[in-house]
A.B. asks: 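Can you read through this structure? Questions will come right after.
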Amino acid sequence: MIGFAWPPALFALPLLLLPLVIRWLRASAVPRLDLRAVEGRAVGPLLVALAMLAPAALILGLAQPYLRGGSTAYRGIGTNLVLLIDRSSSMDDTFAGRSPQGGDESKAAAARRILLDFIARRPDDRIGIAAFSTAPMLVLPMTESRTAIAAAVAALAEPGLSQTDVGRGLTLAMGMAHEASASDSRAVVLVSDGAAVIAPEVQTALRNLAARRQVNIYWLYLRTKGAKGIFEVPEPGQADTPHLRPERHLHIFLQSLGLPYHAFEADSPGAVEDAVTEIGRMESRPILTRRPVPRRDLAWACHLLASLCCAALAAARWLERRYAPRRPAPLLVPA
């Protein structure tokens, strides 16, 4: 659809009617019998048409026409992906468990950098972003806009809070994933360096969400040096409760949902990158998505057409003067 950036210029369009009442080529007192028939049949109407088209194109160019942008549906390779990112204060430490110093990179900074690279390499994904610490927060609904996604991930650089309410964060993320198309794959990627005890009512809500529709769940566990792994089984006699080992019991709970679930332990930026690459490999399926179509300016075409019409009219004027019949020189009578 065509739009105009400055529509008031269109009020000047009646000016293109002037060539119908104003003669372009001057009349000649000397008839040209060899050209009069050709001019009457073709040259005259053509010049009038050019004289009308030139101001029309110029006026349209001044109105700044454009083809409206938007989006178009197409079949790509990717998934409907919700990134659920932990924003607790421990994410601002390095994998060694201390504040970044010198060239050190915090777990949150490493995750943002790697996720931004992952997003840039997957143009067909529809991505939503949620965060959690003391409470869950919807950062960005599901979208195809890479600019909005990159800005949302970069906005998570603000310092986090102390608590980790992962249960309600998962509830929000799975609800966002359920809003995606039923015919395409859906996935939730949890990026966290810890967990917490999930209240019974939240567990029930998560089980109900899992029963409604299939969602692939991935947990990218950013393991701090010295912390126990989620795959480590306690030795006989050791205490094993959700309060003492919340990460391990979150892993067990996610396994019990009956959904496709994969957990990755990463204790360095390189391990995080390997895990994200593996998630991308597993979540490469046909998906119906939308590709943005930018707005296209048409004013240049109008100005070009007006210039060509004016050039043709100027050439016609030059030919008229070049080949106009000359008046005979007056006879000089000797005195």
Side-chain angles (χ1 to χ4, degrees), residues 76-88 90-92 105-133 135-158 160 164-181 184-195 206 209 213-222 250 254 259-266 269 271-285 287 289:
I77 299 296
T79 189
N80 295 287
L81 183 65
V82 178
L83 298 176
L84 178 59
I85 301 176
D86 185 357
R87 284 304 302 127
S88 59
S90 60
M91 289 284 288
D92 296 324
E105 191 175 32
S106 69
K107 288 173 284 187
R112 286 194 304 272
R113 174 177 57 81
I114 294 168
L115 288 175
L116 285 173
D117 181 66
F118 171 79
I119 292 166
R121 289 185 281 108
R122 296 174 61 89
D124 296 339
D125 287 342
R126 294 183 69 248
I127 297 178
I129 299 175
F132 68 95
S133 56
M137 177 176 62
L138 173 61
V139 179
L140 182 70
M142 303 291 289
T143 182
E144 298 90 358
S145 172
R146 266 37 202 172
T147 302
I149 295 169
V153 173
L156 297 175
E158 294 298 323
T164 306
D165 192 349
V166 64
R168 289 200 293 161
L170 280 168
T171 303
L172 172 61
M174 290 182 66
M176 293 170 61
H178 282 172
E179 296 174 0
S181 172
D184 298 322
S185 62
R186 295 167 299 276
V188 171
V189 177
L190 168 62
V191 182
S192 174
D193 67 341
L206 287 171
L209 286 171
R213 189 178 297 175
Q214 178 170 306
V215 177
N216 301 332
I217 299 179
Y218 301 90
W219 183 14
L220 180 51
Y221 174 47
L222 308 182
L250 174 60
L254 293 177
L259 297 173
Y261 165 67
H262 301 272
F264 301 87
E265 278 191 352
V272 174
E273 190 167 359
D274 292 341
V276 171
T277 300
E278 180 63 16
I279 293 172
R281 186 191 64 80
M282 291 188 288
E283 288 298 324
S284 295
R285 301 180 178 90
I287 180 176
T289 184

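In what follows, every heavy atom counts, from backbone to side chain, and hydrogens, waters and symmetry copies are set aside. We count residues from 1, following the sequence as given. Remember, predicted model here, so these are calculated numbers, not experimental data.
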A.B. asks: How far does CG of Asp86 sit from CG of Leu222, to the nearest 0.5 angstrom?
C.D. replies: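 Result: 8.0 Å between the selected atoms.
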
A.B. asks: Pick from Thr171, Leu254, Leu259: which one makes a side chain to side chain contact (heavy atoms under 4.5 Å, CB included) with Leu206?
C.D. replies: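 The passing option is Thr171.
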
A.B. asks: Nearest 0.5 Å, what's the CG-CZ distance between Asn80 and Arg285?
C.D. replies: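 With rounding to 0.5 Å, CG (Asn80) is 11.0 Å from CZ (Arg285).
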
A.B. asks: Hey, does Leu115 have a side-chain heavy atom less than 4.5 Å from the side chain of Val189?
C.D. replies: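 They are not in contact (no side-chain heavy atoms under 4.5 Å apart), so the answer is no.
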
A.B. asks: Sequence neighbours left out, what pairs pass side chain to side chain donor-acceptor pair (under 3.5 Å) with at least one residue falling in residues 138-155?
C.D. replies: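 Qualifying pairs, neighbours excluded: Arg126-Glu144.
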
A.B. asks: With no hydrogens and no angle check, is any side-chain donor or acceptor of Asp165 less than 3.5 Å from a backbone partner on Ala135?
C.D. replies: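 Not a single qualifying donor-acceptor pair exists.
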
A.B. asks: Check for a donor-acceptor pair, side chain of Arg213 on one end and backbone N or O of His178 on the other, with a separation under 3.5 Å.
C.D. replies: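 Yes, Arg213 side chain to His178 backbone: donor-acceptor pair under 3.5 Å.
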
A.B. asks: Please tell me if the side chains of Met174 and Ile217 come closer than 4.5 Å, counting only heavy atoms from C-beta onward.
C.D. replies: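 Yes, side chains in contact.
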
A.B. asks: What pairs meet the side chain to side chain donor-acceptor pair (under 3.5 Å) rule with one or both residues in residues 108-123, with sequence neighbours excluded?
C.D. replies: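 Of all non-adjacent pairs touching residues 108-123, those that pass side chain to side chain donor-acceptor pair (under 3.5 Å) are Glu105-Arg113, Asp117-Arg121, Arg122-Asp125, Arg122-Ser284.
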
A.B. asks: If we only count heavy atoms from C-beta on, is the Ile149 to Leu140 side-chain gap below 4.5 Å?
C.D. replies: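 Yes, side chains in contact.
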
A.B. asks: Between CD1 of Ile127 and CZ of Phe118, what distance do you get to the nearest 0.5 Å?
C.D. replies: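 These two atoms lie 6.5 Å from each other.
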
A.B. asks: What pairs with Glu273 under side-chain hydrogen bond (donor to acceptor under 3.5 Å, both in side chains), at least two apart in sequence or on another chain?
C.D. replies: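 side-chain hydrogen bond (donor to acceptor under 3.5 Å, both in side chains) list for Glu273, sorted by chain: empty.
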
A.B. asks: Assess whether side-chain contact (heavy atoms from CB on, under 4.5 Å) is satisfied between Asn216 and Gln214, documenting all intermediate values.
C.D. replies: CA-CA 7 Å; Asn216 301 332; Gln214 178 170 306; 3.8 Å; yes

A.B. asks: How long is the span from the CD1 atom in Ile129 to the CD1 atom in Ile119, to the nearest 0.5 Å?
C.D. replies: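 That separation rounds to 5.5 Å.
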
A.B. asks: Quick one: pull up CZ in Phe132 and CG in Leu172 and give me the separation to the nearest 0.5 Å.
C.D. replies: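 Here the interatomic distance stands at 11.0 Å.
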
A.B. asks: Kindly say whether Ser185 contributes a backbone atom to a donor-acceptor pair with the side chain of Thr79 at under 3.5 angstrom?
C.D. replies: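 Yes.
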
